[in-house]
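Reading through the structure tokens given below for one structure.
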Number of protein chains: 2
Amino acid sequence: MVTANRIAEMAAAMGEPARAAMLAALMDGRAMTATELARVAGIAPPTASGHLARLVAARLVAAERHGRHRYHRLAGPEAARLIESMMQMAGAAPAPHAVPRFGPRDAALRQARTCYDHLAGRLGVGLADALVAGGWVAMEGEAAWMTEAGRARFGALGIPLPQAARHGRPGCRPCLDWSERRPHLAGRLGAALCSHAFGQGWVHRVEGTRAVTVTPKGRLALREAFGLAESG
Amino acid sequence: MVTANRIAEMAAAMGEPARAAMLAALMDGRAMTATELARVAGIAPPTASGHLARLVAARLVAAERHGRHRYHRLAGPEAARLIESMMQMAGAAPAPHAVPRFGPRDAALRQARTCYDHLAGRLGVGLADALVAGGWVAMEGEAAWMTEAGRARFGALGIPLPQAARHGRPGCRPCLDWSERRPHLAGRLGAALCSHAFGQGWVHRVEGTRAVTVTPKGRLALREAFGLAESG
DNA sequence: CCGATGCTTCGGGCCTTGCCGAAGCATCGG
DNA sequence: CCGATGCTTCGGCAAGGCCCGAAGCATCGG
């Protein structure tokens, strides 16, 4: 009974168009200020402030002060996962959940972007395909796992590996790509790959968006390391 | 933007204690009448009727008339999956989400029950353990898959097998058991095993509950087929 | 055909919640 | 030190939602 109440609390926090829009906007894993989120949701700052307080209370969103700004991000991978399930069941968006008004960045977003903490778009899907084709990773339905060979080769590249079956977050799982409608790689492995790609200068973020571009160096590295033919 | 609204609609449908309690009660996959659900949620029948209409509108619940009764069940595996995610994030229930007032059936429920369309409780967890130990199935984190050997042996037992990587539902996935706090087997394989167990007379449902008992025949068969030592 | 049963619709009371503008705090930049 | 900026709190309004009892439909059992 108590569990039903907690469910209701969380669900109610998501169950309002303005808050749902905010959560969707946070799904790329970046943090946003209250004012930005107000604009995204199409409401006045005071209203947004109230909504955000409620999302924080429901532990779906975490907030952090930096000077006179307050940055909001999803509370964690579980929250992202939950919202992702909802989006999927909501019938995946026809357009890749729009960033309103910021102009026609759709092409760039479709090509490559971050999805919470891993890579998505054609780049993410292509990378996942290459990893499966190369025998690094196997996928079946909603399951994915590293092969033994993959584990060894990721290690050799200096990519920190999720230990097998640690209790919390799955090491490796497929995540349905909004724009491509095919799976890319999420979970701890997806996050590790993404941060490695940033760290090595394979990709750069397009300032102020969640789009990323592949550098020439990255294009080369992705082909050499994973056999990824075209990466944008 | 439209996607945020649909999310909000679904979430709002879940975001009310009475409705959340109803959904939780439906999580074993059986259908319940409106009056039963009213009692579960602790509200009057007219109120429940309104709630159920809303859940149906949100496509979380499906209803079906049988004579003067109207049976409600979860709309499908995706809905079950979604609610399960919420429960998990809600911090798995201390008690196995209670069937109120129907008396002290907890012991039986903990021992063996259905969870949506597959087996749960000590029986379900033990079966999953045995399948992993016997090399039928492998599990890692939130991923699970049939081994080649397992696929062949399930087929030999006459259990209809999910084809690899069909698009909709995952063939095989772990599902955190409420009472045991360890995974049992869900997905299409879990459902196939469960219906096989009922069909072969390995288990019987305890009338009017979601508890099941293992028959002597079932105990024998489970040991012989899967090496499951004690099955209640 | 008639009463009992299951469910829904209707009407109305009550409370919650969304929304905004104005005003109050804090921080930054000069 | 002062104005601009980001955010929150406050007050008030309006809409929507939850809840119930009474009454209306349908179905079942005799």
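Since this is a predicted model, take the numbers as computed values, not measurements. In what follows, chains carry the letters A, B, and so on, assigned in the order in which the sequence lines appear, proteins first and then strands, with residues in each chain numbered from 1.
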Residue met sooner reading DNA chain C from 5', once A:G67 and A:A48 are mapped to nucleotides: A:A48
Contact nearer the 5' end of DNA chain C, comparing A:P46 with A:R65: A:P46
Calculate the interatomic distance between [X] atom [atom1] and [N] atom [atom2]; express it in whole Å.
{"X": "B:H72", "N": "C:dG6", "atom1": "NE2", "atom2": "P", "result": "14 Å"}
{"X": "B:I43", "N": "D:dC19", "atom1": "CD1", "atom2": "C1'", "result": "9 Å"}
{"X": "B:R68", "N": "D:dA26", "atom1": "CZ", "atom2": "C1'", "result": "10 Å"}
{"X": "A:L55", "N": "D:dT8", "atom1": "CG", "atom2": "P", "result": "12 Å"}
{"X": "B:M32", "N": "C:dG6", "atom1": "CE", "atom2": "C1'", "result": "15 Å"}
{"X": "A:L52", "N": "C:dC19", "atom1": "CG", "atom2": "P", "result": "12 Å"}
{"X": "A:Y71", "N": "D:dG6", "atom1": "OH", "atom2": "P", "result": "10 Å"}
{"X": "B:H69", "N": "C:dT8", "atom1": "NE2", "atom2": "P", "result": "12 Å"}

Does [X] make a side-chain N or O approach to OP1 or OP2 of [N] shorter than 4.0 Å?
{"X": "B:R70", "N": "C:dT8", "value": "yes"}
{"X": "A:R19", "N": "C:dG18", "value": "yes"}
{"X": "B:H51", "N": "D:dC19", "value": "yes"}
{"X": "B:T47", "N": "D:dC19", "value": "no"}

Charged N-O contact under 4.0 Å between A:R6 and A:E9: yes
Check: [X] side chain, [Y] main-chain N or O, donor-acceptor pair, under 3.5 Å:
{"X": "B:E16", "Y": "B:A18", "result": "yes"}
{"X": "A:T215", "Y": "A:W202", "result": "yes"}
{"X": "B:R19", "Y": "A:A8", "result": "no"}

Parallel, tilted or perpendicular: rings of B:H118 and B:H184 (30°, 60°): tilted
Ranges pairing with ranges for DNA chain C, where each run has three or more Watson-Crick or G-U pairs under 3.5 Å: C:1-30 with D:1-30
Closest heavy-atom pair and its distance - A:C194, A:T114: SG-CG2, 4.2 Å
Minimum-distance nucleotide to B:E16 side chain [options: D:dC20, D:dC18, C:dT8]: D:dC18
Side-chain touch A:V61/A:M22, heavy atoms, less than 4.5 angstrom: no
